[in-house]
Participant: 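One structure coming up, written as structure tokens, with questions to follow.
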Amino acid sequence: GVLYQLSVNKKTVGLWNFVTSLGCRETHSVVTDIVQEHSCHTFSGDGYATQDQIRNYDPRYYAVSMEFKTFDQDTLLVLVANQVNGQYLSTELRNGKVYFKINYGNGVKLEFTSKDTYNSGQWVKIEAGRAFRNGLETGVLRVTFNGLREDFVDSLPAITTKELDLQASKLFFGGV
């Protein structure tokens, strides 16, 4: 797959310059840069990149926005995981559909799956996030393809969720 543009909490993350981009640490296995019409980072099936958590992390709000194109049916796009408490936020393709999951631990989670498939090799934009407001934990997934949008929203009361703690988590992009 190809990852073109990524932002976390509205801050653009540099993807194609892993030598000088702030916060980028490493790329792994079969990751190549291809510059054609756009600058983008290409993962050739089994590569991935990691980055430390963003500096302005806010436990009340977390969002990932990215554009990608792939022919893969099943692939991880973004994973932000706390290995200590088992909480995580992931965006992936499952059977070609965009799947977004926020796992709070102890079986509490928000999950979203797009109705349509998005592994046609065309550019797709996804916006996935969560926010804690007015006593509710709310998750949102928006998928935009060829000017058409799919939007999904769901909420959990604060009583059922633990605060999502991703402060010390690494961000993984591509197949881990």
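By convention here, the first residue in the shown sequence is residue 1.
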Participant: Does the pair Phe71 and Gln122 meet the rule for a side-chain contact (heavy atoms from CB on, under 4.5 Å), with working shown?
Facilitator: CA-CA 9 Å; Phe71 290 105; Gln122 301 297 312; over 6 Å; no

Participant: Can you get from Val153 to Tyr99 by hopping between Ile, Leu, Val, Met, Phe, Trp and Tyr side chains that sit under 4.5 Å apart?
Facilitator: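 Different clusters.
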
Participant: Using only atom types and a distance under 3.5 Å, with no angle test, would you say the side chain of Asp154 pairs donor to acceptor with the backbone of Leu156?
Facilitator: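 No; judged by distance alone, with no hydrogens or angles, the pair does not exist.
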
Participant: Quick check for you: to the nearest 0.5 Å, what is the distance between Ser155 atom OG and Leu110 atom CG?
Facilitator: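 Answer rounded to 0.5 Å: 7.5 Å.
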
Participant: Check step by step if side-chain contact (heavy atoms from CB on, under 4.5 Å) holds for Thr117 and Gln73.
Facilitator: CA-CA 9 Å; Thr117 58; Gln73 283 196 82; over 6 Å; no

Participant: Check whether any side-chain heavy atom of Leu89 sits under 4.5 Å from a side-chain heavy atom of Leu166, and report yes or no.
Facilitator: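 The answer is yes, as the side chains (C-beta and beyond) meet within the 4.5 Å cut-off.
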
Participant: Report yes or no: do Leu171 and Tyr57 belong to one cluster of Ile/Leu/Val/Met/Phe/Trp/Tyr joined by side chain heavy-atom distances under 4.5 Å?
Facilitator: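 Yes, because Leu171 and Tyr57 connect within a single hydrophobic cluster, where side-chain heavy atoms sit under 4.5 Å apart.
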
Participant: Indicate whether the side chain of Asn85 and that of Gln87 have a donor and an acceptor atom separated by less than 3.5 Å.
Facilitator: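 Note: Asn85 and Gln87 side chains meet the donor-acceptor criterion.
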
Participant: Any non-hydrogen side-chain atom of Glu111 less than 4.5 Å from a side-chain atom of Phe100?
Facilitator: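 No; the side chains remain at least 4.5 Å from each other.
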
Participant: Once rounded to the nearest 0.5 Å, what's the spacing between atom OG of Ser114 and atom CG of Asp151?
Facilitator: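 Rounded to the nearest 0.5 Å, the OG-CG separation comes to 12.0 Å.
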
Participant: State whether Arg142 and Glu150 are salt-bridged, where the test is any N-O pair (Lys NZ or Arg NE/NH1/NH2 against Asp/Glu carboxylate O) under 4.0 Å.
Facilitator: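 Not counted as a salt bridge, because no side-chain N and carboxylate O are separated by less than 4.0 Å.
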
Participant: Would you indicate whether Lys109, at its atom NZ, is surrounded by more than 12 heavy atoms from other residues, nucleotides or ligands within a distance under 6.0 Å?
Facilitator: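 Count not over threshold, so no.
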
Participant: Ignoring hydrogens, what is the shortest heavy-atom contact between Val80 and Ser169? Give both atom names and the distance.
Facilitator: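 Minimum heavy-atom contact is CG1-CB, 3.8 Å.
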
Participant: Is there side-chain contact between Leu141 and Val98, with at least one heavy-atom pair below 4.5 Å?
Facilitator: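 Answer yes - side chains close enough.
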
Participant: For a 4.5 angstrom cut-off between non-hydrogen side-chain atoms, does Glu127 reach Val140?
Facilitator: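 No, side chains not in contact.
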
Participant: Is the closest side-chain donor-acceptor distance between Glu137 and Tyr104 under 3.5 Å?
Facilitator: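 There is such a pair between these side chains.
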
Participant: Is Arg60 close enough and on-axis enough to Phe132, meaning under 6.0 Å and within 45°, for cation-pi?
Facilitator: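 No; the conditions do not both hold, so Arg60 does not lie above the ring face of Phe132.
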
Participant: Indicate the atoms forming the closest heavy-atom contact of Ile102 with Arg130, along with that distance.
Facilitator: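 Minimum heavy-atom separation between Ile102 and Arg130: CD1-CB, 3.5 Å.
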
Participant: Is Leu136 reachable from Phe152 through a run of I, L, V, M, F, W or Y residues, each pair having side-chain heavy atoms under 4.5 Å apart?
Facilitator: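 In one cluster with Phe152: Leu136, no.
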
Participant: Does Asn95 reach the side chain of Asp74, with side-chain heavy atoms less than 4.5 Å apart?
Facilitator: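 Asn95 reaches Asp74 side chain to side chain.
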
Participant: Quick one: are Asp116 and Phe145 in side-chain contact, heavy atoms under 4.5 Å?
Facilitator: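 Result no, sub-4.5 Å side-chain heavy-atom pair not found.
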
Participant: When Ile126 is tested against each of Leu93, Val78, Thr144, Thr91 for side chain to side chain contact (heavy atoms under 4.5 Å, CB included), which residue passes?
Facilitator: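 Checked Leu93, Val78, Thr144, Thr91 against Ile126; only one passes side chain to side chain contact (heavy atoms under 4.5 Å, CB included): Thr91.
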
Participant: What closest approach, in Å, do Ser90 and Leu76 show between heavy atoms, and which atom pair accounts for it?
Facilitator: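 Nearest heavy atoms, Ser90 then Leu76: CB-CD1, 4.4 Å.
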
Participant: Which value, rounded to the nearest 0.5 Å, describes the distance between Phe68 atom CZ and Lys125 atom NZ?
Facilitator: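 These two atoms lie 12.5 Å from each other.
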
Participant: Is a side-chain donor or acceptor of Asn103 paired with a backbone partner of Gly86 at a separation under 3.5 angstrom?
Facilitator: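 Checked: pair present.
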
Participant: Do Tyr118 and Lys69 have side-chain atoms, one donor and one acceptor, less than 3.5 Å apart?
Facilitator: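 There is no such pair (donor and acceptor under 3.5 Å, judged by atom type) between the side chains of Tyr118 and Lys69.
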
Participant: Could you grab the distance from atom NZ of Lys101 to atom OG1 of Thr113, nearest 0.5 Å is fine?
Facilitator: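 That separation rounds to 10.5 Å.
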
